[in-house]
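What follows is a single structure, written as structure tokens, with notes after it.
Computed over heavy atoms, backbone and side chain alike; hydrogens, waters and symmetry mates excluded. Lettering follows sequence order; numbering is per chain, from 1.
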There are 2 protein chains.
Amino acid sequence: MINKFSLEEILKNKGYKLTQQRKVIIDVLGNSNGPHTANEIYSLVNDKNSGINFSTIYRNLELLVRLGIVRKLNLSNGYNHFELTGEKHHHHVICNKCGEVKEIDICPFMDMDERDKLEEIDFQPTEHKFEIYGLCSRCRNKE
Amino acid sequence: MINKFSLEEILKNKGYKLTQQRKVIIDVLGNSNGPHTANEIYSLVNDKNSGINFSTIYRNLELLVRLGIVRKLNLSNGYNHFELTGEKHHHHVICNKCGEVKEIDICPFMDMDERDKLEEIDFQPTEHKFEIYGLCSRCRNKE
DNA sequence: ATGATATTGCAAATAACTTGCAAAGACATA
DNA sequence: TATGTCTTTGCAAGTTATTTGCAATATCAT
Ligand SMILES: [Mn+2]
Ligand SMILES: [Mn+2]
Ligand SMILES: [Zn+2]
Ligand SMILES: [Zn+2]
């Protein structure tokens with residue numbers, strides 16, 4: 001979980017300012033269990049705060065992604081989701097019915113065999129994505 | 001590679017018709033090495049054929065995805081890509097610079113440990129995504 | 001060849017996201 | 001605390017991938 005101090009430090013280091021809007025966006029993401037769409041973040045932000053504009057949300061999410069504070073997930077349901085990067089590398093399972101997203105700490109990329117394969121094709125990896133889609137327990141039990 | 005007969009069969013089985021447009025779209029995908037965006041498919045299709053409309057491309061890609069003939073990839077570069085499902089299960093490496101997409105036959109999901117984890121959280125998987133992003137050999141050598 | 005039904009092309013509508021610009025805010029400095 | 005510089009915001013308009021309604025057309029079983 002990112003705290004006020006490290007956030008302020010990271011921003012100022014690069015000449016960015018710690019605005020109210022940025023604080024609220026980070027706060028909302030920090031108090032969330034899973035990742036959220038820009039729409040959801042907009043709602044959450046405007047619940048606890050005065051009106052922050054959509055373009056401000058988007059611009060800041062993009063900035064925070066560039067700074068490594070936020071991760072952007074292109075989920076197959078068609079919506080981009082955002083979450084705090086956090087300290088531990090992880091991936092997600094996504095319910096096709098209700099859209100719920102759960103974290104899993106499995107990472108297939110740490111497997112040695114796979115890295116070898118990449119050297120074969122001379123590909124230099126920077127990031128990777130692993131997602132499992134299906135039905136969560138609640139949705140499965142509903143008929 | 002899907003042939004004329006199985007395609008016709010699959011379509012007619014469900015009351016769909018084998019139109020010229022569908023033949024050309026499948027043909028283009030079949031003659032491609034990697035997955036393509038709707039835009040690319042539109043160009044490829046209209047090279048070898050008279051004008052097929054964009055909405056026809058989209059409607060048919062969606063249908064073919066529903067029928068399991070085509071797979072839709074939501075790549076992190078922001079563009080949806082489409083490819084024939086093919087016979088062998090596989091995943092992709094994507095170059096962040098030039099956008100090239102290569103197939104890899106590694107599948108991390110076949111790993112037993114991972115499936116066990118899913119049972120723990122009571123999640124019934126239907127499909128999964130594994131993609132590696134980075135720099136291809138050509139782009140890495142260019143400065 | 002005919003008729004029922006699915007499909008196409010076209011143009012307009014969505015919806016997510018981006019951008020230009022003037023007004024407002026942050027913050028280093030005095 | 002007041003000032004000035006530079007960043008950021010809100011707003012409105014623009015962009016772009018994708019979807020949709022509908023009348024005209026193609027497919028296919030008979
Ligand atoms: Mn997460
Ligand atoms: Mn492929
Ligand atoms: Zn990983
Ligand atoms: Zn797999």
- prompt: Given D:dA26, is OP1 or OP2 found less than 4.0 Å from the side-chain N or O atoms of B:Q21?
  reply: no
query: What about A:K12, does its side chain sit under 3.5 Å from the base of C:dC27 through a donor-acceptor pair?
result: no
query: Any side-chain N or O of A:N80 under 4.0 Å from OP1/OP2 of C:dA16?
result: no
- prompt: What is the distance, rounded to the nearest whole Å, between atom NZ of B:K17 and atom P of C:dA6?
  reply: 7 Å
- request: Take B:F82 and B:L73 through the test side-chain contact (heavy atoms from CB on, under 4.5 Å) and record every step on the way to the result.
  value: CA-CA 6 Å; B:F82 301 86; B:L73 306 171; over 6 Å; no
statement: note: B:Y16, atom OH; C:dT5, atom P; distance rounded to Å ~ 16 Å
- request: Mind calculating the distance between CG (B:L18) and P (D:dA29) to the nearest angstrom?
  value: 11 Å
task: Can you sort out which residues in residues 54-67 of chain A have a heavy atom within less than 4.0 Å of DNA chain D? Ascending by number, please.
output: A:S55, A:T56, A:R59, A:N60
message: Categorize B:G15 for me: base, sugar-phosphate, or nothing, with a 4.0 angstrom heavy-atom threshold over every strand shown.
response: sugar-phosphate
message: From CD1 of B:I52 over to P of D:dA26, roughly how many Å is that when rounded to an integer?
response: 13 Å
Would you mind writing out the side-chain donor-acceptor pairs for residues 128-137 of chain A within the sub-3.5 Å range, not counting sequence neighbours?
residue, atom, partner, partner atom, Å
A:H128, NE2, A:H89, NE2, 3.1
A:H128, NE2, A:H91, NE2, 3.2
A:K129, NZ, B:S76, OG, 2.8
A:E131, OE1, A:Y133, OH, 2.5
A:Y133, OH, A:S76, N, 2.8
A:Y133, OH, A:S76, OG, 3.4

field: Distance in angstrom units between A:E40 CD and C:dA15 P, rounded
entry: 16 Å
message: Using whole Å, what does the distance between atom P of nucleotide D:dT8 and atom CD of A:E8 come to?
response: 13 Å
